[in-house]
Amino acid sequence: MLKLLSYTDRLWARPGEDVTVFASAEGFDSIDVELVRLICGDDSPKGPGYREEEVAGTRQTVAATFQPIHAGSCIVADDAAPLHTLDDATLQILVWPTTPETGEQAVMGIWDSRNKAGFLLSIGPEGAALTTGDGKTVSRVATGAPLVAREWYLLAASHDAVNGMLRIAQHPLNRDGRGEVAHAAVADKATPPRASAETPFMVGAAWGGPGNADGLRPVQCFNGKVEAPRVLRHYETDLAGLNEAGSVAPGARGVALAWDLSRAMTGLRVEDVSGNGRHGRTVNLPTRAMTGHDWTGDEHDWRHAPDQYGAIHLHDDDIGDAGWQATARVSLPEGLRSGIYCIKLSGGGHEDMPPIVVQPPRGGKTADIAFLSSTATYQTYANYHHGMDDAGAEMRSASATILSPSDAHLFEHRELGHSPYDTHSDLSGVTVASARRPMLGYRPKAGLWSFNADTHITAWLDDCGFAWDAISDHALHDEGLALLASYKVVVTGTHPEYWSTSMWQAMTAYLDGGGRLMYLGGNGFYWRIAFHPEFPDALEVRRAHAGARYWIAEPGDYHMAFSGELGGLWQRIGTAPQKLVGIGTVATGFDSCGWYERLPDSTNPRASWIFEGVGEDERIGDFGQLGGAAGLELDWVDRTLGTPAHCLRLASSTGHSSQYLQTIDTMTFNHTAVAAPVNPAVRADMVFFETPNGGGVWSTGSIAWAASLASDGYNNNVAVITGNVLRRFADPTPFEQGN
Amino acid sequence: MYKIDPAKTELAREFKDKPFGPHSAELQKVLNVMRWEPVEGKYVLVNTVPHKEWCLAQLPGKRGIPVKLHEDVKFTDLGEAEWYIFKMRWKKHTGQDLALD
């Protein structure tokens, strides 16, 4: 459906730097490339109007071609050559299949799927199977007993190339009392395995030839967990003797390869502990640090018991780096004004516009106001399928699901990968979001959410004549406090939901140092994320403990692989958003929006300046593109979660429909009165409090706030209040510490 | 389990007049029952002209294949699209065509 797709090598850059564009064009062979400044990305006729400005002198025409994505994760040996020459070999691995019913899946081997050459241990409708081929004929032996999903098995296969014997066995583990039995089979007159020298040794996929996934194309991808793959240099007649993972010591004589997947789990490398140095690498970012077959349940942090976390969960729809050839290089002119930009690609009547945050020159801020673009949140939402894959989605939206052409394309083209809001094809949760792939949805004109909704704020800054710099989550993660320190005020987007530890610490330090923060959104500072230490274009989320989770992490899998840190809600890590911005998530609803009404604290001299020009009984934000300024996702104060004792609750929202429900992470049990308008907890609290060293925080607690800014040409009380706060926060006069 | 009563056409009338909420408590029950349909075959709308035209479509229930477009059923108003889907679901749940006036 979409014929022009692209991604970039970075989500933010500085003037004078280059951005590399990777594009795929289907049905045409050249594209125009230009840099545009995005003023407002919302093209809805109900909104303030889409606006972009071309950056002069950046237009170029480049050649383009179709570039496929080869999804599916696996593990590949760096050098398989010595394994090719094994006449006799035994393969051994532990597996926890998740979709054994969906057809033949490659578990391990050296198998050229195009030429049917080599040897392959697989699972499928016939159970575990061993196949050998020489490019002309194929032999096969199978247990004949399909595996059961989500149960551990030891699989073992052996071939005697000289005498033409094949053996296969599957042993169910941890199945005491359930009556499941082991199965084995043997065959003779087998074809000797003869793969070409370029065929790699792989776990979790067969070789489909060269491709874009780290140089190869994984096919027949396995869904599920794998653990302790080993290759022995001999034909084994007693496969039943291999009924424990440790039955053959990794370093024992005759072991050609033994990957211990519990080592170096934060990275891309897989270590061979056989002593032969046959290390490997993961391809397409499978999920590491997963509970293994011997996880006892006593330890939930893999850093404390790595030996119980020796599994990697492979998925046939994982995608790390799409691996496309570069299509264009865009140089950001020196002196380019900081802001939100896009690289506008057009060709064959199609268009794509990957965004770039252009930050000010390093160490050289150009304004006192910084807009923090929620690039981590945008990346996490990219390629979102929830509305299409979950039967409850229509209930949530309270209207028929509307698919954009991009959504429809995503439904069909699963090779683009999913978002951490989705499940994989095996219904396990998606933990990884990579930016090295087309990120549909993280684009202008893609609906009023996240990236586009945030341009209502930046358009307001421009239209009202505020000088501002754009900065990004990714840069904040990398550079920490240094990125923020020189700004008088930092303005967030509408939904700054995903925060790494480094980002959180930087913001805390900024506020402790007298910084000012305007939190113009809802459901912010909610999930903890980690960036990959070797491939920082990927981030990780674990839907642990509680929260609006969309999927739920398996027991024992709450710690992130990329960092080892406990994943999940910041609240459950002991640092609720209330500590940072006074408020945290309490309710969601998506059918309509409400408004705010002022509270007595709004006339407190500490904060009354915020409402200058607004009547005491005036409804705030009972208008706007979404019908009101209080809506979608709402935050409230909670002293027990850390709302500062001197925090002023200035206004609260009302007018919410019965579609607005208290979030499950803020309740101990469900009942029939969790919805508005009968649940007093369903509200957004607008708050202000002073921070040490003259700083302050002002929070709106509503994702919808910014969609009311532009009403009546910015002549409205939402814009008045926001402007009052911004001007005061940009004024260096310190705030007195509140009582 | 709540069953949609084909005699309660006043609920359909309420929806026709105001397809986007908030709705009355009983109409909300009707909508919730309708919206619990499984993903396979679920009616959705594909935005074929940005903000101007929507095509009726159905989710295939299997990932990786195209969404089934009903090219002959297009709308220029989302409220009309909601009403169309509502009528089809009414018939599916009650076995009766929805006839108002």
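For the numbers below, each heavy atom of this structure counts, side chains included, while hydrogens, waters and symmetry mates do not.
Counting heavy-atom neighbours within 6.0 Å of A:Arg414 CZ, excluding the residue itself, gives a total above 12. Atom NZ of B:Lys18 sits in a crowded spot, with more than 12 heavy atoms from other residues, nucleotides or ligands closer than 6.0 Å. In this structure, B:Glu40 places its CD atom where only 12 or fewer heavy-atom neighbours from other residues, nucleotides or ligands lie under 6.0 Å away.
Here the shortest heavy-atom pairing between B:Pro50 and A:Asp43 reads CB-OD2, 4.5 Å. A:Ala391 and B:Val39 get closest at one heavy-atom pair: N-CG2, 3.5 Å.
In this structure, the side chains of A:Phe411 and B:Pro60 come closer than 4.5 Å at one or more pairs of heavy atoms. Under the 4.5 Å side-chain criterion, counting only non-hydrogen atoms from C-beta, B:Val44 is not in contact with A:Asp407.
Atom CG in B:Leu59 sits 7.0 Å away from atom OG1 in A:Thr401 (nearest 0.5 Å). Distance check, rounded to the nearest 0.5 Å: CD of B:Glu82 to CD1 of A:Ile402 gives 7.0 Å.
Both the backbone and the side chain of B:Trp36 have a heavy atom closer than 4.5 Å to some heavy atom of chain A. Residue B:Lys52 does not touch chain A at all, counting heavy-atom pairs closer than 4.5 Å. At a 4.5 Å heavy-atom cutoff, A:Ser658 makes no contact with chain B through either its backbone or its side chain.
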Practice prompt. Give the intermediate values and the outcome of side-chain contact (heavy atoms from CB on, under 4.5 Å) for residues B:Arg63 and A:Asp317.
Written response: CA-CA 11 Å; B:Arg63 299 180 179 194; A:Asp317 52 8; 4.2 Å; yes
Worksheet entry | Step-by-step side-chain contact (heavy atoms from CB on, under 4.5 Å) determination, B:Gln28 to A:Gln659 | CA-CA 10 Å; B:Gln28 193 61 55; A:Gln659 294 289 317; 3.1 Å; yes
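Per-residue counts of heavy-atom pairs under 4.5 Å with chain A were compared for B:His51, B:Lys62, B:Glu37; the largest is that of B:His51. Chain B forms the most heavy-atom pairs under 4.5 Å with one residue out of A:Ser404, A:Ala398, A:Ser657, and that residue is A:Ala398. Interface check for chain B: of the options A:Met388, A:Lys46, A:His413, the most heavy-atom pairs under 4.5 Å are formed by A:Met388. Ranking A:Ser399, A:Ser592, A:Gly392 against chain B, the residue ahead of the rest is A:Ser399, based on heavy-atom pairs under 4.5 Å.
Looking only at atom types and distance, the side chain of B:Arg35 has no donor-acceptor partner in the side chain of A:Ser397 under 3.5 Å away.
For a heavy-atom cut-off of 4.5 Å, chain A lies close to B:Ile85, B:Arg89 in residues 85-92 of chain B.
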